[in-house]
Protein chains: 2
Amino acid sequence: MKIEKVIKSETKLPLPKRTVLNIMYTQNVQAESFNELLKPYELSPEQFNVLRILRGQKGKPANMCVIQERMVAKTSNTTRLVDKLLLKELVTRKVCSENRRKMDIGITKKGLDLLLELDPKVQEHETGYAKNLNETELEQLNLLLEKYRGE
Amino acid sequence: MKIEKVIKSETKLPLPKRTVLNIMYTQNVQAESFNELLKPYELSPEQFNVLRILRGQKGKPANMCVIQERMVAKTSNTTRLVDKLLLKELVTRKVCSENRRKMDIGITKKGLDLLLELDPKVQEHETGYAKNLNETELEQLNLLLEKYRGE
DNA sequence: AATTAACAATTGTATATACAAGTATTATTG
DNA sequence: CAATAATACTTGTATATACAATTGTTAATT
């Protein structure tokens, strides 16, 4: 669906505005379907993200600031995110022995099992969109987005 | 900046996941800078969006459901958004005479003036990103995003 | 015409997020 | 080595958002 149709605009938008909206809307669509996927598991996307970061640590616990810097959307409240995961017994938290200001956050067996269960569904979500483009187009899209951000 | 660097991943991500994250991150970057732009005016992006929709009506008032369907992110609470704008006297609200279930929302002079003041800054924000790509690339990006959504 | 269904908007509530201030610990510096 | 600064995390508070339930109004059905 063209973006003009999404926002019910009769006139064709100027290209810069069109692009801004297209990116915004695409992310919205993507996020929404991801949310649906997670809903039965009562995980928010951010909580899922934290779990995946922890698994990526391969046993080595992560500090709060490490988690924070690895998240796509740098949320301002990792503490409360981890609180929620603790309640569900998906992670562990203890004071870091080397630096008592820091916290060691680890993922539990239950957390790993949950991720394992989610893996195929997440994969499906990702490839579901990706299959709409061929490999060259996907590479192109990634390239254009990076260039667009201008970093 | 490559997306792997953003999330501090040492290994190259598979293309589908890479794309999902790239879209998410690009939207984040864009949204953040737009937020910065609006902050001095104490407007949230959603509030701004509503104002712009109302201006687009060219005098003709809009009902709640019209506003809702024109928003990029279909928020679940247009009422409270409009409440906020009312408090700032940027919009008016009265019961629709033809159908008393509906509300007629209009933009005030003050609202129009605010938009007028914002226009150049918003334009700058949009073209700021757009100038990182040439016109062909921009068209390409829009096309790929639409195709990616697969609608 | 009375009853039921559908529609448009609002309100309640629980949860999430943003931002600032606070606490505890470690590092720096005069 | 005491004082100050910096770091890592937590907490408070105000606002935002999601979702369900509610209210008031109009349309459809019997």
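Numbered from 1 within each chain, the chains take letters A, B, ... in sequence-line order. Just so you know, these numbers come straight off a predicted model, no measurement behind them.
When the P atom of D/dT15 is taken as reference, atom CG of B/L81 falls 15 Å away, rounded to whole Å. The nearest whole Å value for the distance from the CG atom in B/N77 to the C1' atom in C/dT10 is 8 Å. Counting to the nearest Å, the P atom of C/dA24 and the NZ atom of A/K94 are 22 Å from each other. Atom C1' of nucleotide C/dT10 and atom CG of B/N63 are separated by 15 Å, given to the nearest angstrom. Residue B/I67 contributes atom CD1, which lies 12 Å from atom C1' of C/dA8 at whole-angstrom precision. Between the CG atom of A/D83 and the C1' atom of D/dT11 there is a distance of 10 Å, given to the nearest Å. Residue B/M64 contributes atom CE, which lies 7 Å from atom P of C/dA9 at whole-angstrom precision. Going from atom CG of B/L85 over to atom P of D/dT15 covers 15 Å, rounded to whole Å.
With salt bridges taken as basic N to acidic carboxylate O contacts below 4.0 Å, none links A/E124 and A/K131.
When distances are taken from the side chain of B/R101 to each of C/dA9, C/dT17, D/dA27, the shortest belongs to D/dA27. In this structure, the nucleotide among D/dA18, C/dA18, D/dC9 sitting nearest to the side chain of A/K102 is D/dC9.
Between B/K84 and D/dA16 there is a side-chain polar atom (N or O) within less than 4.0 angstrom of OP1 or OP2. Applying the 4.0 Å criterion to OP1 and OP2 of D/dT25, one finds that B/R100 has a side-chain N or O inside that range. For the OP1/OP2 pair of D/dG12 and a distance below 4.0 Å, the side-chain nitrogens and oxygens of A/R80 include no atom meeting the criterion. Between A/K39 and D/dA18 there is no side-chain polar atom (N or O) within less than 4.0 angstrom of OP1 or OP2.
Under the 4.5 Å side-chain criterion, counting only non-hydrogen atoms from C-beta, B/N22 is not in contact with B/T19.
A distance below 6.0 Å separates the ring centres of A/F34 and A/F48.
DNA chain C is contacted by both B/N99 and A/E98; B/N99 maps to the nucleotide lying nearer its 5′ end (nearest heavy atom per residue). The 5' end of DNA chain D is approached more closely, in terms of each residue's nearest nucleotide, by A/T78 than by the other of B/T75 and A/T78. Where A/C65 and B/S97 meet DNA chain D, the nucleotide closest to each residue was compared, and A/C65 sits on the side nearer the 5' end.
Among the atoms of the strands shown, none is found under 4.0 Å from any heavy atom of A/K74.
A donor-acceptor pair shorter than 3.5 Å cannot be found between the side chains of B/N63 and B/R101. In the model, A/Q30 has a side-chain atom that pairs as donor or acceptor with a side-chain atom of B/Y148 under 3.5 Å.
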